[in-house]
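Taking it in order: structure first as structure tokens, then the write-up.
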Amino acid sequence: MNASIAINNRSDRRTGPFSLTLLFSNFPQRIIKKGETLMKNNLSKGYIFYLVEGIVKNLSYHAEKGKEVVNGFHTKGELLNLEVWSKNEAIIPTLKGSSTKAIIKIIPIEQFRELVWKNQGLQQLVFTNLSNKISKSQERLQRLLLSKSSQRVKQFLVDYTLEIGQRVGYEHVIKKPFTHEEMGSLSDTSRQTVTTVLNELKAKNLIHFTRRYILIRDLEQLIIEAKKS
DNA sequence: GCATTAACGCACG
DNA sequence: CGTGCGTTAATGC
């Protein structure tokens with residue numbers, strides 16, 4: 001989101017101008033398209049990634065079902081693979097491109113550590129990233145324990161809109177959205193439930209959608225709806 | 001009731 | 001023309 005902007009503002013006062021683009025400019029970057037994997041698991045152990053642009057899916061393999069499930073997604077300004085900071089044999093989720101092209105800086109973990117020691121702005125970014133990830137997973141866990149599935153879908157849709165939706169007048173639009181199946185695993189429910197909940201919301205005229213986009217007509221009302229029991 | 005899975009038909013992209 | 005979606009029936013808690 002605008003984490004990087006917040007960082008810039010804060011570090012401007014104390015340590016002078018801080019630009020991530022500049023800081024990471026000498027590291028190689030990769031462009032990944034929709035569905036493309038960033039790096040093989042055993043390789044990605046050695047790196048931290050910085051998402052310059054686009055959206056990346058975070059997937060892990062569900063052995064019983066024999067398929068990939070979506071754990072979450074990342075947006076512009078996020079640091080990915082931070083797990084490798086503390087674990088050198090972590091089970092690292094696969095990172096795949098989603099919707100549009102994603103631009104990713106590739107930073108070897110040892111060089112990343114050095115940069116963090118020296119650079120206050122980067123420290124801010126790391127802490128912001130970490131605390132965001134922690135609250136996200138806590139919220140998701142709470143939701144799973146306390147809400148019924150239809151609420152979870154609605155709440156997911158709210159978060160999804162706030163994170164990647166674009167404002168269009170009083171409405172919001174999500175272009176090239178996740179499939180119902182993906183939204184299902186993101187809100188811990190089945191694909192069919194997502195379909196029916198979305199169609200309910202469509203009938204209430206709170207949203208409209210096709211396979212290409214989701215239009216949120218009334219975000220305020222959707223937020224209220226997500227809290228109903 | 002609330003939710004999940006299987007299954008099938010259908011049509012969007 | 002494939003896979004993503006809409007629906008319904010069967011099953012479990």
Side-chain angles (χ1 to χ4, degrees), chain A residues 31-41 51 53-76 91 93-103 136-169 171-219 221-229:
Chain A
I31 294 172
I32 59 170
K33 292 178 221 160
K34 183 177 181 178
E36 210 178 325
T37 31
L38 174 60
M39 207 178 264
K40 293 198 171 171
N41 271 340
L51 185 50
E53 194 69 66
I55 299 165
V56 168
K57 286 189 286 189
N58 186 318
L59 304 149
S60 58
Y61 189 73
H62 195 281
E64 288 169 36
K65 297 183 180 179
K67 60 178 181 184
E68 282 176 325
V69 292
V70 191
N71 306 310
F73 60 91
H74 307 289
T75 55
K76 183 179 180 176
I91 300 159
T94 310
L95 298 167
K96 276 193 183 181
S98 171
S99 56
T100 48
K101 284 176 191 170
I103 303 170
K136 255 193 189 178
S137 49
Q138 283 184 340
E139 279 163 20
R140 185 170 167 179
L141 187 56
Q142 285 283 352
R143 234 176 264 157
L144 180 58
L145 291 168
L146 302 173
S147 316
K148 56 181 186 180
S149 64
S150 59
Q151 286 178 286
R152 293 201 300 272
V153 175
K154 290 167 190 171
Q155 188 58 53
F156 163 77
L157 196 55
V158 171
D159 296 344
Y160 190 25
T161 306
L162 293 175
E163 200 141 6
I164 69 163
Q166 296 165 289
R167 259 204 114 97
V168 183
E171 305 180 326
H172 296 77
V173 65
I174 297 168
K175 290 173 188 166
K176 300 186 184 177
F178 291 121
T179 64
H180 295 184
E181 171 87 49
E182 291 172 321
M183 291 191 258
S185 52
L186 284 165
S187 45
D188 303 292
T189 188
S190 65
R191 175 223 120 205
Q192 288 92 329
T193 302
V194 173
T195 304
T196 51
V197 171
L198 291 188
N199 278 304
E200 262 174 50
L201 295 171
K202 190 192 255 180
K204 288 181 179 172
N205 208 29
L206 294 182
I207 68 170
H208 187 266
F209 65 93
T210 72
R211 292 184 194 184
R212 290 198 164 138
Y213 68 92
I214 302 176
L215 177 70
I216 286 79
R217 307 210 105 112
D218 192 342
L219 184 60
Q221 193 57 42
L222 183 61
I223 291 169
I224 293 165
E225 199 76 22
K227 285 172 184 164
K228 280 188 193 169
S229 54

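A quick note: this is a predicted structure, and the numbers were derived from the prediction, not measured. Residue numbering restarts at 1 for every chain, and letters A, B, ... go by the order of the sequence lines.
- No donor-acceptor pair under 3.5 Å is formed between the side chain of A:Arg191 and the backbone N or O of A:His180.
- Using a distance-only test at 3.5 Å, with no hydrogens or angles considered, a donor-acceptor pair links the side chain of A:Glu36 to the main chain of A:Lys33.
- Side-chain N/O atoms of A:Thr189 include none lying less than 4.0 angstrom from OP1 or OP2 on B:dA3.
- In this structure, A:Lys202 places its NZ atom 14 Å from C1' of C:dT7, rounding to the nearest Å.
- Taking a 4.0 Å limit (strictly below) on heavy-atom distances, residues 190-197 of chain A reaches DNA chain B at A:Ser190, A:Arg191, A:Gln192, A:Thr193.
- Interatomic distance, A:Glu182 CD to A:Leu59 CG, rounded to the nearest 0.5 Å: 7.5 Å.
- Between A:Phe178 and A:Phe73, the two ring planes are tilted [angle within 30° to 60°].
- An angle of 20°, rounded to 10°, separates the two end axes of the helix from B:dG1-C:dC13 to B:dG13-C:dC1, each defined over five pairs.
- Looking at A:Gln151, its side chain does come within 3.5 Å of a backbone N or O of A:Lys148 through a donor-acceptor pair.
- Atom CG of A:Leu201 is separated from atom P of C:dG6 by 12 Å (rounded to the nearest Å).
- As a whole-Å value, the separation of A:Lys154 NZ from B:dC2 P is 11 Å.
- Note that CG of A:Asp188 is 14.5 Å distant from CE of A:Met183, once rounded to the nearest 0.5 Å.
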Using distance only, find each side-chain donor-acceptor pair of residues 204-212 of chain A under 3.5 Å and give its atom names and separation, not counting sequence neighbours.
unit_1   : atom_1 : unit_2   : atom_2 : d
A:Lys204 : NZ     : A:Glu225 : OE2    : 2.6
A:His208 : ND1    : A:Tyr213 : OH     : 3.3
A:Thr210 : OG1    : A:Arg212 : N      : 3.0

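- Checked by atom type and distance alone, the side chain of A:Ser147 never pairs as donor or acceptor with a backbone atom of A:Leu144 at under 3.5 Å.
- At whole-Å resolution of the value, CD in A:Glu181 and C1' in C:dT3 are 11 Å apart.
- For C:dG4, its base sits under 3.5 Å from the side chain of A:Arg211 at one donor and acceptor pair at least.
- Computed from coordinates, the A:Glu200 CD to C:dC5 P distance equals 17 Å when rounded to whole Å.
- For A:Glu182 and C:dT3, the CD to P distance is 14 Å, given to the nearest whole Å.
- Look at A:Arg143 and A:Asp159 and you find a salt bridge, because one of the NZ, NE, NH1 or NH2 atoms lies within 4.0 Å of a carboxylate O, short of that distance.
- Using a 4.0 Å heavy-atom cutoff across all strands shown, A:Phe209 reaches sugar-phosphate atoms only and no base atom.
- Across the protein-nucleic acid pair, A:His208 atom NE2 and C:dC5 atom C1' stand 14 Å apart, rounded to whole Å.
- If you take CG of A:Asn199 and C1' of C:dG4, they are 13 Å apart, rounded to a whole angstrom.
- For A:His180, a side-chain nitrogen or oxygen approaches OP1 or OP2 of C:dG6 to under 4.0 Å.
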